[in-house]
Protein chains: 2
Amino acid sequence: MVDPGSSMNPQVERTHRVMLDAARELLAEHGPAAVTHLRVSETSGVARATVYRHWPDRVDILLDLLRSGADLHFTPPPEDLPLAQRVTGLLEKLAAALNGNSGQILTAMIGLAEWDDDVFAALGRMRAFGPRLLRDLLAGGLADGSLTAATDIDVLMDALIGPLFLKRLLHHDEITDAYVGDLVDTVLAPHLIG
Amino acid sequence: MVDPGSSMNPQVERTHRVMLDAARELLAEHGPAAVTHLRVSETSGVARATVYRHWPDRVDILLDLLRSGADLHFTPPPEDLPLAQRVTGLLEKLAAALNGNSGQILTAMIGLAEWDDDVFAALGRMRAFGPRLLRDLLAGGLADGSLTAATDIDVLMDALIGPLFLKRLLHHDEITDAYVGDLVDTVLAPHLIG
DNA sequence: CTTGACCGAGACAGACTGTATCATGGTTGT
DNA sequence: ACAACCATGATACAGTCTGTCTCGGTCAAG
């Protein structure tokens, strides 16, 4: 099997990228069921045998797509802003990711993860990045007294993130900054001090 | 094509039910990709041609499963309870549905709905039932003064339902009544009067 | 009992899957 | 520049799945 990660062979890297682009296009246009060796081969122009060489199993293509395509590790917002604004900024970044390509990849992966343990594990690894930052933010707010002492930050976090997923996955709505603002006003604001 | 809905033929009804049970088992065990005419035929013992006669297209089986399997229209809670308890009761019922078979069907459908308009439409029809009741509840609370006047009940509703979906779909966690209680305390309680 | 509708069984072409082989062309180190 | 190496392209192959059709048997209703 070919290893495009550690290998510096430009031929391998180029072929891999071309195929992965085709796979991403197939996923976006026709869903995960359409991401097969044959269709990746046809779409990319790369020989079918080569697709099998890079990813022996069909799900490997999707996992590769998940690793390469979902950029959900955000940079922490500036610390001099008040908590509400920092949370809002972070949620807006998450919303933007969900609105775009990452949302589509996530949707596919959530569907697959229900029955494929490998996909679920990969999803779990990725899931850790975004929310962790939010959790740190809320924990900091609890520590410095910005949040009321009795606040359950885990539930609060779910109440902030959950609606974004709900809107994107179930309702297929674009998540606007205005919506994020309303969400923070409704969910977070009552727990703020000052 | 066979019409088991209006037809009173017990033969048709029996065959249809046997096949649908097999399809449900396949979905639960191996996911929507496994729900094919061939495998439904093998699992149910019904001839392959018959499966095609009932559902010409593969997605029709899944849509039928969605209609028959996801019971998400709940009965309204008793009106003499305070708003918080009525909301809690409703959310607990939704949580129970998500924990059970309906959650699995929903997961599959959400994945398919991203790329199949028929599934999305069917999902939309079903989605209307549960939340509408919750929305009526919150609207009533706004009208009778249980909720603060400035409350955005649509966002509030998302903040109550979203976390349940998040936990079930992304985290694969069982949704406990305790969690629902914490959620209501964190999200709804600050907006209650009295 | 007769009629009509449904089911089971089998056949069929066409497409897809997974693997193997071998020649070709690009890549790397000397 | 050259040779050794390695990935790729092309092709072939059996096995499986898909979608459709036909025909004889079976069931339910009038």
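Naming convention: chains lettered A, B, ... in sequence-line order (proteins, then strands); numbering from 1 in each chain.
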Nucleotide nearest [X] (side chain, heavy atoms from C-beta), chosen from [options]:
| X | options | value |
| --- | --- | --- |
| B:N9 | D:dC21, C:dC6, C:dT28 | C:dC6 |
| A:L38 | D:dT8, C:dT17, D:dT18 | C:dT17 |
| A:A47 | D:dG9, D:dA12, C:dT28 | D:dG9 |
| B:Y52 | D:dT18, C:dA9, D:dA7 | D:dT18 |
| A:V12 | D:dA7, D:dA10, C:dC6 | D:dA7 |
| B:Q11 | C:dT27, D:dT22, D:dC27 | D:dC27 |
| A:H54 | C:dT19, D:dG19, D:dT8 | D:dT8 |

* Using a strict cut-off of less than 4.0 Å between a Lys/Arg side-chain nitrogen and an Asp/Glu carboxylate oxygen, indicate whether B:R24 and B:E29 qualify as a salt bridge. =>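 Salt bridge between B:R24 and B:E29, a charged N being under 4.0 Å from a carboxylate O: no.
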* Salt bridge present between A:R39 and A:E25 (N-O < 4.0 angstrom) ->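 Salt bridge: no.
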* To do: Report the relative orientation of the aromatic rings in A:H16 and A:W55; use parallel for angles under 30°, tilted for 30 to 60°, perpendicular for over 60°.
  => tilted
* Of B:R58 and B:A49, the one whose closest DNA chain D nucleotide lies more 5' -> B:R58
Just the rounded figure in Å: distance from [atom2] of [N] to [atom1] of [X].
| X | N | atom1 | atom2 | answer |
| --- | --- | --- | --- | --- |
| B:W55 | D:dT20 | CH2 | C1' | 18 Å |
| B:H37 | D:dT16 | NE2 | C1' | 17 Å |
| B:E42 | C:dG8 | CD | P | 14 Å |
| B:E13 | D:dC27 | CD | P | 17 Å |
| B:R17 | C:dC6 | CZ | C1' | 16 Å |
| A:R39 | C:dA15 | CZ | P | 14 Å |
| B:R53 | C:dG10 | CZ | C1' | 12 Å |
| B:D57 | D:dG19 | CG | P | 7 Å |

* Is the distance from OP1 or OP2 of D:dA7 to the nearest side-chain N or O of A:T50 less than 4.0 Å? -> no
* Stepwise, does the side chain to side chain donor-acceptor pair (under 3.5 Å) test hold for B:Y179 with B:D173? -> CA-CA 11 Å; B:Y179 181 80; B:D173 278 348; over 6 Å; no
* State whether the distance check finds a donor on one side and an acceptor on the other, under 3.5 Å, for side chain A:R14 versus base C:dG26. =>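 Such a pair does not exist between side chain and base.
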* Return the minimal non-hydrogen interatomic distance between B:A113 and B:L123, and the atom names on each side. =>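 Result for this residue pair: CB-CD2, 3.9 Å.
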* To do: Nearest-nucleotide wise, let me know which of B:M19 and B:R48 is further upstream toward the 5' end of DNA chain C.
  =>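 Per heavy-atom nearest nucleotide, the more 5' residue is B:M19.
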